[in-house]
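One structure is given below, encoded as structure tokens.
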Amino acid sequence: MSRTIKFLDLADQYHRIRSDIDAAIRGTLEDADFIGGKRVGKFERDFADFQDAAFCIGVGNGTDALEIAIEAMELPKDSEIVVPANSFIASSEAVTRSGCRVVFCDCDPKNYTISISSLKSKITTKTSAILAVHMYGHPCDMDPIIAIAEKHDLKIIEDCAQAHGATYKGKKLGAIGHVGAFSFYPGKNLGAYGDGGMISTNCPSIAKQARMIANHGRIEKYNHEFEGRNSRLDAIQASILSVKLKHLSDWTKKRNKIAKFYNDNIIENKRLILPTIEDWAYSAFHLYVISTPERDSLQEFLNENGIQTGIHYPISLPKLNAYRYLKQYNDAFFANDNDQNLLSLPVGDHLHETQTQFVASKVNEFFE
Ligand SMILES: *Cc1c(COP(=O)(O)O)cnc(C)c1O
């Protein structure tokens with residue numbers, strides 16, 4: 001028997017919900033209703049209810065969701081969108097691909113979401129929007145972001161790819177700002193068995209525009225208002241996601257329970273910082289990220305003990321070759337230095353109590 005504690009175990013999850021998943025897939029195959037149709041419509045409505053958004057539009061993946069969401073707001077070409085320096089490249093990629101310019105700001109050193117003071121310092125007359133990434137599942141501090149946006153007449157895009165079911169001051173994410181984007185990449189908290197994504201908004205005109213962009217700019221079959229693209233959530237994925245959505249609240253609770261267990265049982269020291277949960281936050285805990293200058297040796301030690309870990313992300317966005325041209329790699333950002341220190345411990349719904357106890361004890365042993 002393998003004693004490996006896996007970082008992610010999607011096969012284990014499948015086996016726990018297998019009969020419902022198999023029935024959902026079989027039903028779709030038998031109806032041969034693969035693109036659009038009742039399953040996609042149902043999942044869009046259910047997800048909109050779950051996230052407290054007026055409108056949800058299924059798309060091909062989370063990156064497309066961001067890109068189409070930005071495009072749907074028709075921001076001035078070449079205007080600037082402020083993006084936090086520690087995220088997955090999709091956040092900034094979507095900005096450039098939709099015809100805007102990326103300006104990086106720092107992240108908060110405590111909760112790793114967008115730093116409010118750094119965000120303020122990056123706003124210019126060219127800024128058109130703020131990309132608030134709910135990093136690791138922890139919500140951004142939305143009230144000051146909304147205040148900044150109102151003051152400078154900016155749009156707010158929420159990157160919720162890691163934050164399904166998380167709340168800010170009791171409110172679900174994705175429609176607090178103007179528009180939100182979710183990913184259903186298999187490893188996300190709500191994952192499909194392939195790619196998938198969702199755009200969320202309370203604004204009818206953004207919803208209408210996004211839906212048209214994602215489906216060839218069409219108003220009805222063969223009647224196209226403008227050139228759009230093809231980015232759609234397919235019915236097999238939607239049927240799988242509908243099954244999984246019913247479990248999401250429980251899975252998120254379990255992630256929070258594990259995170260609390262780590263926070264209570266891993267002993268912080270000068271060389272080890274545990275994640276902060278702000279009092280405004282119910283985190284989705286997509287990732288449980290610790291910070292230590294001894295990251296590489298700790299990772300090796302845990303690996304030798306059969307504990308899989310991850311690094312999110314090993315290179316801050318401004319330091320990637322893709323963003324050399326912005327010349328922000330030397331900016332005195334916490335995010336530019338701290339990428340060396342980040343380590344993600346296992347936090348998924350596949351874990352058993354004895355396993356999380358083992359993880360905590362091994363981290364403590366390393367620092368003894
Ligand atoms: C996963 C992710 C995305 C992109 O989602 P895909 O479905 O993989 O395209 C965007 N932003 C963040 C923060 C992510 O973690």
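First listed ligand is number 1; within each ligand, the first listed atom is number 1.
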With no hydrogens and no angle check, do the side chains of [X] and [Y] hold a donor and an acceptor under 3.5 Å apart?
| X | Y | answer |
| --- | --- | --- |
| Q328 | K319 | no |
| H312 | S344 | yes |
| D22 | Y14 | yes |
| T309 | Q299 | yes |

Quick one: look up the protein heavy atom nearest [atom] and list residue, atom name and how far away it is.
| atom | result |
| --- | --- |
| atom 11 (N) of ligand 1 | D159 OD2, 2.8 Å |
| atom 10 (C) of ligand 1 | A90 CB, 3.5 Å |
| atom 9 (O) of ligand 1 | T63 OG1, 2.5 Å |
| atom 1 (C) of ligand 1 | K188 NZ, 1.5 Å |
| atom 12 (C) of ligand 1 | A161 CB, 3.4 Å |
| atom 15 (O) of ligand 1 | Q162 NE2, 2.8 Å |

Using modelled atom types only, decide if a donor and an acceptor are shared between the side chain of [X] and the backbone of [Y] within a distance under 3.5 Å.
| X | Y | result |
| --- | --- | --- |
| S239 | R39 | no |
| E30 | G27 | no |
| S115 | C107 | no |
| K171 | I176 | no |

Contact partition for [X] relative to ligand 1, non-hydrogen atoms under 4.0 Å:
| X | result |
| --- | --- |
| M135 | neither |
| Y313 | side chain |
| N61 | both |

Among R16, H15, K254, Q13, find the residue that satisfies the side-chain contact (heavy atoms from CB on, under 4.5 Å) test when tested with H350.
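Only one of R16, H15, K254, Q13 forms a side-chain contact (heavy atoms from CB on, under 4.5 Å) with H350, namely R16.
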Contact between ligand 1 and H286 is defined here as a heavy atom of the residue under 4.0 Å from a ligand atom; is it met?
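In this structure, H286 fails to qualify as a contact of ligand 1 - no heavy atom is under 4.0 Å.
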Evaluating non-hydrogen atoms only, which member of G191, S183, P84 is closest to atom 5 (O) of ligand 1?
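The nearest heavy atom belongs to S183.
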Does S87, backbone or side chain, put an N or O under 3.5 Å from an N or O of ligand 1?
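No, no N or O pair falls under 3.5 Å.
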G62 versus ligand 1: do any nitrogen or oxygen atoms come within less than 3.5 Å of each other?
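Yes.
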